[in-house]
Amino acid sequence: MPMEKQYNHIKYEAGIYALWEKANAFAPQEVNKKNLKKSKKSFSIIMPPPNANEDLHIGHARFVAIEDILIRHARMKGLATLWLPGADHAGIETQYVFEKKLKEQGKSRFDYEREDLYKMLWDYVHKYKDSMYDQLKRLGASCDWSREKFTLDPEIIAIVKQTFKSLYDEGMVYRDEQLVNYCPNCGTSFSELEIDYVERDDLMYYLDYGTVTIATTRPETIFADVAIAVNPQDSRYKKLIGKKATIPLINRQIPIIKDSAVDKKLGTGALKVTPAHDPTDFEIRKRHNLPTVSVIDSEGKMINTPPEYIGLRVADARRKVVSMLKDRGVLIKEVPIRHAVATCYKCKNTIEPMISKQWFIKVKPLTKDALLAIRKKQVKFAKDKYKKIAVHWLKNLKDWNISRQIVWGIQIPAWRCDQCMEWVVTAGETPNKCPNCKASSFTQETDTFDTWFSSSQWPFATLMTTGKNDFKRFYPTSVMETAYDILPFWVIRMIMLGLYKTKNVPFNNVLIHGLVRDKNGQKISKSKGNVINPLVMVDKYGADALRMGLIWGTLIENDISLSEENIRGQRNFANKLWNVARFVSLNQSQLKAMSRAPRSQNKNDHAIIKKLRRTAKIIDKEIENYRLNQAAENLYNFIWKDFANDYLESTKSRRSKAQPTLEYILSESIKMAHPFMPFITEAIWQNLYGNSQKPLIFQSWPK
RNA sequence: GAACGCGUAGCUCAGUUGGUUAGAGCAUUCGGCUUACAUCCGAAAGGUCCAAGGUUCGAGUCCUUGCGCGUUCACCA
């Protein structure tokens with residue numbers, strides 16, 4: 001049956017993927033060379049698990065293109081190759097999108113019991129997970145679905161809890177007061193990532209504290225003041241240090257202290273220290289061992305104040321305090337200012353920093369080992385700039401708050417004895433007896449782990465639980481490939497926890513890719529209306545064209561500007577390859593796949609064979625160095641210019657004599673193109689050699 | 001304020017330890033339905049490599065300074 005004039009991706013793609021799955025082509029093959037080092041006979045990538053709460057976006061498509069090229073190339077080179085797929089429960093993110101859905105139905109999470117909410121989220125996420133996996137398949141991802149993992153699989157949870165327990169047992173976990181970003185409206189705290197800083201016009205109030213004048217935008221918190229701080233270099237206040245100031249309205253005496261966190265130029269240069277309701281002040285309080293007074297409760301109402309303010313909402317309390325201050329003559333002036341205010345990214349209300357108890361991990365010992373592993377090149381960064389960023393983060397990482405006040409996640413395996421209030425940490429089971437007071441009644445911590453705490457254990461947690469001896473075979477993995485925005489959250493913590501748990505690095509190489517931007521280099525966002533839906537592009541131009549477009553012309557580590565014109569150009573390239581195959585197979589009843597060059601050669605035959613070998617070597621080298629753009633360009637030029645335009649044209653006058661060389665160059669070209677454009681190359685292969693050969697995915701890379 | 005980048009053709013980007021005449025895709029112009037492909041073929045035009053200085057036999061590439069732009073982190077009493 002002759003090939004069509006144009007390659008029709010719609011007709012082939014689904015069937016090709018099914019063919020690979022049926023042939024079990026994604027499972028790591030056996031390599032029986034005992035004398036080789038592990039790194040020479042295996043190649044593995046753990047997929048960065050996408051959030052199971054959304055459709056794949058174009059950024060996911062980029063990592064699929066990159067990782068699948070590396071994987072397919074390694075597979076064709078004869079290595080035992082594993083690409084392990086997975087999905088992330090994405091704690092806060094998922095709960096946020098889910099609550100939006102609830103809101104559309106006029107409900108909120110407070111309408112449900114913890115267990116019911118968890119169950120609903122579970123179902124929601126599993127629906128998305130399945131469709132997300134289908135989308136990965138449509139992009140041609142050759143990952144081993146029999147090893148698929150979800151971050152909330154029971155066996156993963158067990159490992160995560162075990163890690164927490166051993167950290168706790170070794171004294172690397174502690175509980176401490178932390179100023180959390182609390183939204184009184186939503187009833188939860190948020191991480192820094194979930195805070196929007198919004199510019200707002202407010203008033204700065206100058207207040208008379210007796211010995212000094214201070215400036216504040218939050219006069220309602222004066223009841224929570226515990227000190228006045230000035231910069232040690234500030235000559236205006238030097239003689240006041242150690243003296244007292246007086247809080248107006250309640251006439252409480254507080255000390256005047258020095259702290260370099262105070263900016264001389266802001267306000268009056270004298271700062272009222274309110275540790276319970278301000279992050280800077282909280283830090284100052286730690287350095288000077290000051291007490292804390294909380295005057296705002298979790299509903300955003302005043303507490304611990306003179307009776308006339310108790311129960312007022314913050315804004316009302318502010319008005320009342322200001323008017324009282326005016327009456328007493330201690331309000332010196334009001335100055336309008338524009339400043340950034342922390343607001344909730346969900347409901348847009350003002351965030352109230354509040355003190356609460358949280359679980360922390362001491363990071364110093366972990367970062368020390370991670371830095372050492374990077375210095376000793378046990379973990380290599382493909383690009384130096386990302387190594388610099390990783391090292392910078394590792395050197396500056398603060399102790400890690402791993403507790404979150406949400407339901408959607410792994411509940412922290414810590415129980416508080418109802419009798420003596422001491423904490424008991426287990427690997428998951430409810431404790432029987434309190435080791436402290438022998439009581440047997442406990443209440444479990446309701447907080448869940450930060451998503452990054454579990455995903456930082458992903459490489460070993462996945463490989464340890466496939467039931468296939470994979471940890472021994474594939475750990476550490478060859479390459480960790482992911483986007484740069486999660487380098488500090490994820491990559492460095494995987495190194496930290498991998499070293500902690502396994503005494504070995506989790507991966508040998510780190511490959512970081514940039515974002516996908518639109519054709520003008522603009523960041524892609526819904527509000528800008530420049531969203532590129534990868535599946536729409538797959539429908540329109542084929543998965544192969546999209547994959548090529550996602551690596552074409554730009555280095556992996558840089559942001560790529562993707563245009564539909566570019567994808568169309570790659571579709572044209574795919575069609576060119578198709579037609580080369582069509583030409584070679586026309587008038588030819590039976591083709592043989594040849595992996596050796598045929599005998600009879602003239603000068604042109606000789607030249608193209610030489611060029612083919614050189615190109616295969618160049619592509620090898622470029623892939624090894626992660627310069628996929630260069631690899632793709634060499635492939636493109638070889639097939640289009642050298643093969644089609646020059647060599648193939650030259651054979652038209654001597655068709656029958658050149659036929660063996662044509663067939664040889666064709667089959668080898670298809671092999672070289674396969675990692676980049678898996679569908680069309682397999683479609684051609686099946687058309688030409690499907691009856692006599694194993695699928696292309698199993699074939700060896702040209703030598 | 002700090003860290004890390006970027007500045008090369010109209011646009012988006014390559015240019016690997018310094019080494020012929022600086023490249024690609026897209027866009028543009030001209031000519032072609034040549035029996036694999038018009039999703040094509042042939043040809044052309046297009047660059048003071050941000051600026052200044054330095055190192056060198058030689059600089060797009062290395063160093064210094066300046067200008068412009070970006071990302072992230074910190075701060076915002």
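Chain letters run A, B, ... following the sequence lines, proteins first, then strands; residues in each count from 1. Note that the structure is a prediction, hence the values are computed from the model and not measured. All heavy atoms count here, side chains included; hydrogens, waters and symmetry mates do not.
- Within 6.0 Å of atom NZ in A:Lys528, more than 12 heavy atoms from other residues, nucleotides or ligands are found, so the atom counts as buried in its surroundings.
- In the model, A:Thr274 has a side-chain atom that pairs as donor or acceptor with a side-chain atom of A:Asp225 under 3.5 Å.
- The shortest distance between the side-chain N/O atoms of A:Lys385 and the OP1/OP2 oxygens of B:C6 is not below 4.0 Å.
- Below the 3.5 angstrom threshold, one finds a donor paired with an acceptor across the side chain of A:Lys652 and the base of B:A36.
- Taking 4.0 Å as the cut-off between side-chain N and carboxylate O, A:Glu564 and A:Lys540 count as a salt-bridged pair.
- Nearest-nucleotide positions on RNA chain B place A:Asn520 closer to the 5' end than the other of A:Ala644 and A:Asn520.
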Under 4.0 Å protein heavy-atom contact, by nucleotide of nucleotides 16-24 of chain B - B base, S sugar-phosphate only: B-------S
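- The side chain of A:Arg582 has B:C37 as its nearest neighbour among B:C40, B:C37, B:C26.
- Checking B:C76, B:G15, B:C40 against the side-chain heavy atoms of A:Leu555 singles out B:G15 as nearest.
- Checking the phosphate oxygens (OP1, OP2) of B:C4, no side-chain nitrogen or oxygen of A:Trp393 falls inside 4.0 Å.
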Worked check of salt bridge (charged side-chain N to carboxylate O under 4.0 Å, His left out) between A:Lys385 and A:Glu557: CA-CA 9 Å; A:Lys385 68 169 169 176; A:Glu557 66 268 23; over 6 Å; no
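- With hydrogens and angles left out, the side-chain atoms of A:Thr221 and A:Lys272 include a donor and acceptor closer than 3.5 Å.
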